[in-house]
Amino acid sequence: MQIVIGCDNAAVSLKNTIIALLKTKNVEIEDVGCFTSDDPTYYPLVAKRACEKIIESGYTKRGILICGTGLGMCMTANKFKGIRAAVCHDIFSTERSILSNNGNVLCMGERVIGAELAKTLVSHWLELTFKDGPSTPKVQAIIDIENENMK
């Protein structure tokens with residue numbers, strides 16, 4: 001599996017924790033920043049970098065985006081065609097982001113959850129795969145709306 005990961009300056013610590021976890025799982029990581037807590041790069045620019053990498057991969061890569069709340073990263077990521085990002089701070093929403101919505105970007109907030117919960121969520125998220133079934137027509141409806149609005 002290949003993961004593109006990025007954060008703003010409010011979430012460097014959690015990003016580094018997640019990177020360490022991903023390395024133990026032999027996941028290929030592409031870090032698009034921020035790299036220090038004094039980096040002034042705005043989170044939308046980091047989300048843009050990550051989403052472009054996912055799109056360039058033909059959507060074979062997934063993304064993890066972290067900011068103070070996860071909300072800004074998620075809002076920005078969902079502006080890109082083919083990106084289905086979700087803020088997940090619990091197991092149920094993490095599962096549903098993949099199983100019900102075929103999500104490809106996990107967003108979290110360093111100021112919202114602790115490192116141990118974040119590691120648990122990422123570990124679980126990595127194991128999930130969308131399966132064709134009752135949610136397929138709903139995901140297709142998302143794609144249809146996206147195609148209408150993102151020409």
Side-chain angles (χ1 to χ4, degrees), residues 1-35 37 41-55 57 59-143 145-146 150:
M1 180 174 288
Q2 298 175 312
I3 298 291
V4 180
I5 190 166
C7 69
D8 68 358
N9 60 9
V12 173
S13 177
L14 185 56
K15 183 192 76 168
N16 290 337
T17 297
I18 298 303
I19 287 173
L21 171 74
L22 295 172
K23 286 180 179 178
T24 69
K25 297 181 177 295
N26 297 315
V27 172
E28 186 178 319
I29 304 156
E30 187 169 0
D31 187 348
V32 296
C34 289
F35 300 101
S37 59
T41 306
Y42 295 138
Y43 63 80
L45 302 176
V46 175
K48 180 179 187 285
R49 281 186 223 146
C51 291
E52 287 172 343
K53 298 283 185 184
I54 294 166
I55 292 166
S57 78
Y59 305 94
T60 60
K61 296 179 181 180
R62 287 188 188 177
I64 298 174
L65 295 172
I66 311 164
C67 61
T69 63
L71 298 170
M73 287 290 200
C74 186
M75 289 178 185
T76 305
N78 282 315
K79 302 295 182 200
F80 290 84
K81 191 168 186 160
I83 300 296
R84 286 181 297 283
V87 177
C88 299
H89 292 142
D90 59 71
I91 288 288
F92 186 74
S93 58
T94 301
E95 287 178 351
R96 299 330 308 167
S97 74
I98 301 284
L99 301 179
S100 294
N101 298 289
N102 198 13
N104 52 11
V105 176
L106 173 65
C107 300
M108 296 181 290
E110 179 163 338
R111 294 176 180 154
V112 179
I113 61 171
E116 291 307 311
L117 177 55
K119 291 191 305 187
T120 298
L121 298 178
V122 169
S123 293
H124 191 56
W125 183 76
L126 292 171
E127 297 170 0
L128 298 168
T129 304
F130 180 76
K131 292 182 176 63
D132 208 16
S135 292
T136 302
K138 297 170 193 169
V139 173
Q140 186 58 54
I142 294 170
I143 293 166
I145 291 168
E146 180 182 74
M150 294 183 167

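Among all heavy-atom pairs drawn from Ala47 and Ala77, the shortest one is CB-N, 4.4 Å. Across all their heavy atoms, Val32 and Gly6 have their closest contact at CG2-CA, 3.9 Å. Heavy-atom minimum distance, Ala115 versus Thr17: CB-CG2, 4.1 Å. Shown here for Cys67 and Gly72, the closest heavy-atom pair between the two residues is SG-N, 4.0 Å. Nearest heavy-atom pair, Ser123 versus Leu21, reported as atom, atom and distance to 0.1 Å: OG-CD2, 3.6 Å. Shortest non-hydrogen contact noted between Lys25 and Leu126 is CD-CD1, 3.7 Å.
Counting only distance, with no hydrogens or angles, the side chain of Asp8 and the backbone of Ala10 share a donor-acceptor pair below 3.5 Å. For Arg62 (side chain) and Trp125 (main-chain N/O), a donor-acceptor pair under 3.5 Å exists by modelled atom type. A donor-acceptor pair is defined here as one N or O able to donate and one able to accept, closer than 3.5 Å; such a pair exists between the side chain of His89 and the backbone of Gly109. Using a distance-only test at 3.5 Å, with no hydrogens or angles considered, no donor-acceptor pair links the side chain of Lys81 to the main chain of Ile55. Between the side chain of Asn104 and the backbone N or O of Gly63, no donor-acceptor pair lies under 3.5 Å.
A distance of 12.5 Å separates CG of Asp31 from CD1 of Ile3, quoted to the nearest 0.5 Å. The CD atom of Glu146 sits 9.0 Å away from atom CG of Asn78, with the distance rounded to the nearest 0.5 Å. With values rounded to the nearest 0.5 angstrom, Leu121 atom CG is found 10.0 Å from Glu95 atom CD. Atom-to-atom distance recorded for Ser100:OG and Phe92:CZ is 7.0 Å, nearest 0.5 angstrom. Distance check, rounded to the nearest 0.5 Å: CE of Met108 to SG of Cys74 gives 12.0 Å. Going from atom CD1 of Ile18 over to atom CD of Glu110 covers 10.0 Å, rounded to the nearest 0.5 Å.
Here the side chains of Arg49 and Thr41 are in contact, with some heavy-atom distance below 4.5 Å. In this structure, Leu22 and Ile64 have side chains that are in contact, with non-hydrogen atoms separated by less than 4.5 Å. Looking only at side-chain heavy atoms (C-beta outward), Cys34 and Val46 come within less than 4.5 Å of each other.
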Assess the residue pair Met150 and Phe80 against the criterion (side-chain contact (heavy atoms from CB on, under 4.5 Å)); give the C-alpha distance rounded to whole Å, side-chain angles, the decisive distance to 0.1 Å, and a yes or no.
CA-CA 8 Å; Met150 294 183 167; Phe80 290 84; over 6 Å; no
Taking it one step at a time, do Arg84 and Ile143 satisfy side-chain contact (heavy atoms from CB on, under 4.5 Å)?
CA-CA 10 Å; Arg84 286 181 297 283; Ile143 293 166; 4.0 Å; yes
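Dense packing is recorded around OH of Tyr59, with more than 12 heavy atoms of other residues, nucleotides or ligands lying under 6.0 Å away.
The side-chain hydrogen bond (donor to acceptor under 3.5 Å, both in side chains) check on Ser135 picks up nothing, with sequence neighbours excluded.
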